[in-house]
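Just so we're on the same page: letters track the sequence lines, and every chain starts at 1. This structure is a prediction, so every number in the text was calculated from the model and none was measured.
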Amino acid sequence: MKYDFSEIEKKWQQIWDEQKAFAAENDFTKPKYYALVEFPYPSGQGLHVGHPRSYTALDIVARKRRLEGYNVLYPMGWDAFGLPTENYAIKNKIHPEIVTRQNVARFKQQLKSLGLSFDWDREINTTDPEYYKWTQWIFLQLFKKGLAYKKEMSVNWCTSCKVVLANEEVVNGVCERCGGEVVHKVKSQWMLKITEYAQRLIDDLNDVNYIERVKTSQKNWIGRSTGAEVDFDTTAGDKLTIYTTRPDTLFGATYMVISPEHPYIEKWADKLENPEEIKAYQAEAAKKSDFERTELAKEKTGVELKGVCGINPVNGKEIPIFISDYVLVSYGTGAIMAVPGHDTRDYEFAKKFGLPIVEVVQGGDITKEAFTDCETGVMVNSGMLDGMTVEEAKKAIVSWLEKEGKGHPKVNFKLRDWVFSRQRYWGEPIPIVYCEKCGYVPLPESELPLRLPEVDSYEPTEDGESPLAAIDSFVNTTCPHCGGPAKRETDTMPQWAGSSWYFMRYCDPHNQNELASKEALDYWLPVDWYNGGMEHTTLHLLYSRFWHKFLYDIGVVSCKEPYAKRTSHGMILGENGEKMSKSRGNVVNPDDIIREYGADTMRLYEMFIGDFEKSAPWSTSSIKGCKRFLEKVWGLQDCLTEGDAYRPELETVFHRTIKKVSEDIESMKFNTAIAAMMALLNDITDTGTINRREYTDFITLLNPFAPHITEEIYHQLGNSGLLAKAAWVRYDPAKCVEDTVEVAVQVNGKLRGKINLATGVSKEAAIAVAKADAKIAGVLNGKIIVKEIYVPGKIINIVVK
RNA sequence: GCGGUCGUGGCGGAAUCGGCAGACGCGCUACUUUGAGGUGGUAGUGGGACAUCCCGUGGGGGUUCAAGUCCCCCCGACCGCACCA
């Protein structure tokens, strides 16, 4: 019988659909398991071969859990708001809603053809008003708690298109579409106070099972540092506050630097002697991104603010103040004290501008480079701090500053508040009304969802406002508070909004009255296993943890953290080892693979391709190996015998393989799980037959990986129900051990032979057997034995002179 | 620049705690089957004048009876960096 994968796959996908085989039950008394993968952005290109890597992996986990008896929730949906759809809609004059519908239909058909066991009854879409109603509701709660506020922020502004650009649309400092000059422009933007949660977002990482590199990335991104804020008096008669992590080096501060956007430049305008130079520098800085500005490799630039000096609080010395783009207005206070002796960037700057470099920590050679090691140094040239270690000096100076009223200890985070406004059409409207009398007023919850208005043009307006600003019927409204005339907020939310809480909606996706019922949330949350890309670690993952914590604070959810476990898959690269992209011409279309090899082979190959956590290049020729494996599994039907127990020669290898596959799935080592099944198959085919028990167990083990073929074989074996609903195979640990083991024998660390030993023999007996071996005896002849090492089941090493 | 990851045959990759490097698969070679095609099977496959020896996990040092694995230095590659998602 031929293995007709396309027939088999179509047949079982239809049966699973009809029977709703993978629908999560609403029986909250059963043990639950919530497996989650990041829902895709339904782009116009269709599914990428990278998507199924993550989806298949957790599909394997979900299917195994069902076989183990859990009530499993494995849902899927669409993160469909966003820039590419909007740009496509503008270009082709199609409504983004229609574009989205088409893309979703294509993605869904592609996902279904992979045989993924999603519960399609719980499908969600962030652009559905019934969904974004609750995204808006969450925003209102944030607003009411003071966590949403307006702030002047700089945006990328294309001077020729007159449009606010996303960072991605700025390439080498010019507009991606027209090549026009891009500058920073200040706009009033909605912000979310994620910084208020910074400490908790770090602390609660202790309570979750995330892979270590995810935790590390999040911690570094949040970037907690302890230091001090210090007030420097200025000759302008005011105080300039700086933030430093090295208050111990205060005596070494020989100048100050403020960011080109610092408000004091305006404030000191009448005292500054070189305003033109300063203005020119500010204009230059406005063209650069933070990334370009802080690049250490680049030459330091800056301009002295002539006419105003700072006064070092510890020694009263007047020191110059510069503006330079390596100081960012968004971090700390936007101003620093520069200690060139002990900071690399300050050192370079001082060298370039001929500023004095004073050594205040001994231990390095500051004529060559800045000495930044704070472990070993001793304070010098620092008055009362002389002789102290850096650690002691930090404490001493901070308490002195506090006593003098010139500073205080300060914890700072690199994490910045979340810019929540977009001047775009295809996003959730922000449900706020601006009233001249009452200010920013939240829309009453009863008016949600605030729908996107139907329009013909999605182009932003001339002055960079959102397209919604051009629609008078949308903008003009009445104030919910005083009833007077008012204007709606016209900015929309970023794509991150809808994805920050979607895992909650899956718990109760059709609820009309709440984002999800408390009962459903309490049962399903937290997500037991969440897999996604490393690129989402610092934005999506952090944003959704922040929203979850907020919803915990207001009593919507009962657990502090949304995801109990987070893992991450590596990227699938093109055959040439580079990232797959249209421009590189190395894109593999999953549809072609499924058509030619079938979904089971595709799934198996994606799991076999390499270490799940690492990136791996696609290889069309390697797929054949997985196809051959499945064909052999299929072919076993022709050599079936009766029998309800493993044959003795296969017993150990069966138990071992079941153990290995069971454990490897849990630790994401899908590649070695498949290798073990291939090895077991080789052992079976060596015997020429397979009995019913062996075959049934083998296909059960393989079922989560290749669900269609195994379901069909199960059916062919005369079973009536679904294999997907049968029971997972068990192993007996006692039967995983062989009676004898082969042990390598080394002399002086070099392999000289191998011996067979009964498992559990003593060291003495083992070494005696080794010495009795003719070859080993020959090597040992005439040598003096210095040491004998025996590692049971592994190795014997005899050290001789 | 900051942060993260990685370097093993011709290729993808294995190698719980430091214990036989190269599992499993691709490719290749020989034979074989079917007859033809890109099918199936058997055997071989890290390198070296390749029968028991020597060398081999990016490079150099170190620790150890024993190092792909631990430590130090160097080289190289990849990913993210807040309005792409």
Side-chain angles (χ1 to χ4, degrees), chain A residues 38 40-41 43 79 81-84 87 153 155-156 164-170 189 194 213-214 216-217 219-221 223 289-298 326 330 344-345 414-424 494-496 499 533-540 542-543 570-571 573 577-579 605 608-611 613-626 628-629 631 635 663 667 669 671-672 674-679 682 742-754 775 778-779 786-791 793-800:
Chain A
E38 285 164 352
Y41 176 73
S43 72
D79 188 14
F81 276 130
L83 203 54
N87 286 344
M153 286 296 293
V155 295
N156 301 309
V164 176
L165 297 178
N167 285 345
E168 199 190 48
E169 298 173 295
V170 183
Q189 306 263 51
I194 189 172
R213 61 196 166 118
V214 169
T216 311
S217 290
K219 278 184 199 155
N220 288 332
W221 184 261
S289 66
D290 287 358
F291 172 41
E292 290 167 315
R293 287 172 48 165
T294 50
E295 216 167 354
L296 198 63
K298 81 166 172 94
Y326 76 94
S330 53
T344 314
R345 287 165 305 179
K414 275 198 203 124
L415 183 71
R416 310 202 287 255
D417 274 341
W418 176 2
V419 185
F420 203 68
S421 291
R422 299 290 183 274
Q423 289 73 45
R424 295 283 175 173
Q495 166 277 339
W496 306 112
S499 62
M534 228 22 224
E535 69 276 22
H536 291 114
T537 303
T538 50
L539 298 179
H540 159 66
L542 208 56
Y543 290 152
M571 213 187 312
L573 307 169
E578 291 174 24
K579 197 169 167 168
Y605 174 64
F608 189 61
I609 194 167
D611 185 335
E613 298 198 66
K614 291 182 194 146
S615 59
W618 185 266
S619 162
T620 304
S621 61
S622 295
I623 300 172
K624 285 182 199 158
C626 294
R628 280 178 201 160
F629 169 68
E631 274 168 350
E663 290 173 355
S667 51
K669 292 160 83 175
N671 53 337
T672 52
I674 294 166
M677 287 189 280
M678 286 173 167
N682 291 342
E742 195 186 57
V743 171
V745 184
Q746 296 181 337
V747 177
N748 281 353
K750 290 205 189 297
L751 184 65
R752 294 299 176 206
K754 286 176 185 183
K775 201 186 150 209
V779 180
V786 184
K787 201 171 181 181
E788 291 167 337
I789 288 127
Y790 173 53
V791 182
K794 293 263 165 77
I795 208 160
I796 290 169
N797 190 8
I798 301 171
V799 187
V800 297

- request: Go through C83(B), A85(B), C24(B) for me and flag the one nearest to the His536(A) side chain.
  value: A85(B)
- line: When rounded to whole Å, the NZ to C1' distance for the pair Lys624(A) and C28(B) reads 13 Å
Any residue meeting salt bridge (charged side-chain N to carboxylate O under 4.0 Å, His left out) with Glu742(A), in chain and number order, not counting sequence neighbours: none
message: Let me spell it out: for each of Val799(A) and Ala676(A), pick the nucleotide of RNA chain B with the closest heavy atom. Which residue's pick is nearer the 5' end?
response: Ala676(A)
message: Under 4.0 Å, counting only non-hydrogen atoms across every strand here, what does Glu742(A) touch: a base, just sugar-phosphate, or nothing?
response: base
task: Treat primed atoms plus P, OP1 and OP2 as sugar-phosphate and everything else as base, then score nucleotides 6-19 of chain B 5' to 3': B for base contact with protein heavy atoms under 4.0 Å, S for sugar-phosphate contact only, - for none.
output: S-----BSSS---B
Contacts of Lys614(A) that satisfy side-chain contact (heavy atoms from CB on, under 4.5 Å) - sequence neighbours left out: Asp611(A)
message: Please report the distance, rounded to the nearest Å, between CH2 in Trp496(A) and P in A85(B).
response: 7 Å
Interatomic distance at C1', A23(B) relative to G76(B), whole Å: 28 Å
- line: Pairs under 3.5 Å (Watson-Crick or G-U), crossing ones as [ ], inter-strand ones as |: RNA chain B comes out as (((((((..(((......[....)))((((((.......))))))(((....)))..(((((..]....))))))))))))....
task: Starting at atom NZ of Lys579(A), determine the distance to atom P of A77(B), rounded to an integer number of angstrom.
output: 18 Å
- request: Could you list the residues that satisfy salt bridge (charged side-chain N to carboxylate O under 4.0 Å, His left out) with Arg213(A), not counting sequence neighbours?
  value: Glu613(A)
- prompt: Under the side-chain contact (heavy atoms from CB on, under 4.5 Å) test, which residues partner Lys414(A), sequence neighbours left out?
  reply: Tyr331(A)
Give each protein N/O atom lying under 3.5 Å from an N/O atom of nucleotides 53-56 of chain B, with the pair distance.
from: C53(B); atom 1: OP1; to: Arg752(A); atom 2: NH1; distance (Å): 3.2

message: Regarding Glu631(A), tell me which of base, sugar-phosphate or nothing describes its non-hydrogen contacts under 4.0 Å with the strands shown.
response: nothing
- prompt: In whole Å, what separates the P atom of G27(B) from that of A21(B)?
  reply: 28 Å
- prompt: Is there a side-chain contact between Leu542(A) and Leu415(A) (heavy atoms, below 4.5 Å)?
  reply: yes
Pairing residues for Val800(A) by the side-chain contact (heavy atoms from CB on, under 4.5 Å) criterion, not counting sequence neighbours: Val747(A), Asn748(A), Leu780(A), Lys783(A), Ile785(A), Ile798(A)
- request: Could you please name the option among G3(B), A82(B), G25(B) that lies closest to any side-chain atom of Arg416(A)?
  value: A82(B)
field: d(CZ, Phe629(A); C1', C26(B)) in whole Å
entry: 16 Å
message: Rounded to whole Å, please give me the gap between NZ in Lys754(A) and P in C20(B).
response: 10 Å
- request: Could you pull out all residues at least two apart from Gln746(A) that satisfy side chain to side chain donor-acceptor pair (under 3.5 Å)?
  value: none
- request: Ignoring backbone atoms, test whether Arg422(A) places a side-chain nitrogen or oxygen under 4.0 Å from the OP1 or OP2 oxygen of C83(B).
  value: yes
- request: Just call it for Val155(A): base, sugar-phosphate, or nothing, with non-hydrogen atoms closer than 4.0 Å on any strand.
  value: base
query: Residues in side chain to side chain donor-acceptor pair (under 3.5 Å) with Ser421(A), at least two apart?
result: Asp491(A)
statement: To the nearest angstrom, the CD-C1' distance between Glu535(A) and G4(B) comes to 13 Å
query: Base, sugar-phosphate, or nothing: which does Gln423(A) touch, judged by heavy atoms less than 4.0 Å apart?
result: base
message: Suppose we screen for salt bridge (charged side-chain N to carboxylate O under 4.0 Å, His left out). Which residues come up paired with Arg424(A), at least two apart in sequence or across chains?
response: Glu169(A)
query: OP1 or OP2 of G38(B) sitting under 4.0 Å from any side-chain N/O of Arg628(A)?
result: no
- request: Determine yes or no for a side-chain-to-main-chain donor-acceptor pair under 3.5 angstrom, with Tyr605(A) supplying the side chain and Ser619(A) the backbone.
  value: yes
message: Run the side chain to side chain donor-acceptor pair (under 3.5 Å) test against Gln495(A) and tell me which residues pass, sequence neighbours left out.
response: Asp79(A)
task: Could you tell me whether Leu415(A) contacts a base, only the sugar-phosphate backbone, or nothing, with contacts defined as non-hydrogen atoms closer than 4.0 Å?
output: base
statement: All heavy atoms of Lys754(A) vs all of Ala744(A), minimum pair found to be CG-CA, 4.3 Å
field: Separation of the C1' atoms in A14(B) and G61(B), to the nearest angstrom
entry: 29 Å
field: Heavy-atom pair of closest approach, residues Ser499(A) and Trp496(A)
entry: OG-O, 3.2 Å
query: Roughly how many Å is it from CG in Asn748(A) to P in C65(B), rounded to a whole number?
result: 11 Å
query: Once you round it to whole Å, what is the distance between P of A85(B) and CG of Asn87(A)?
result: 10 Å
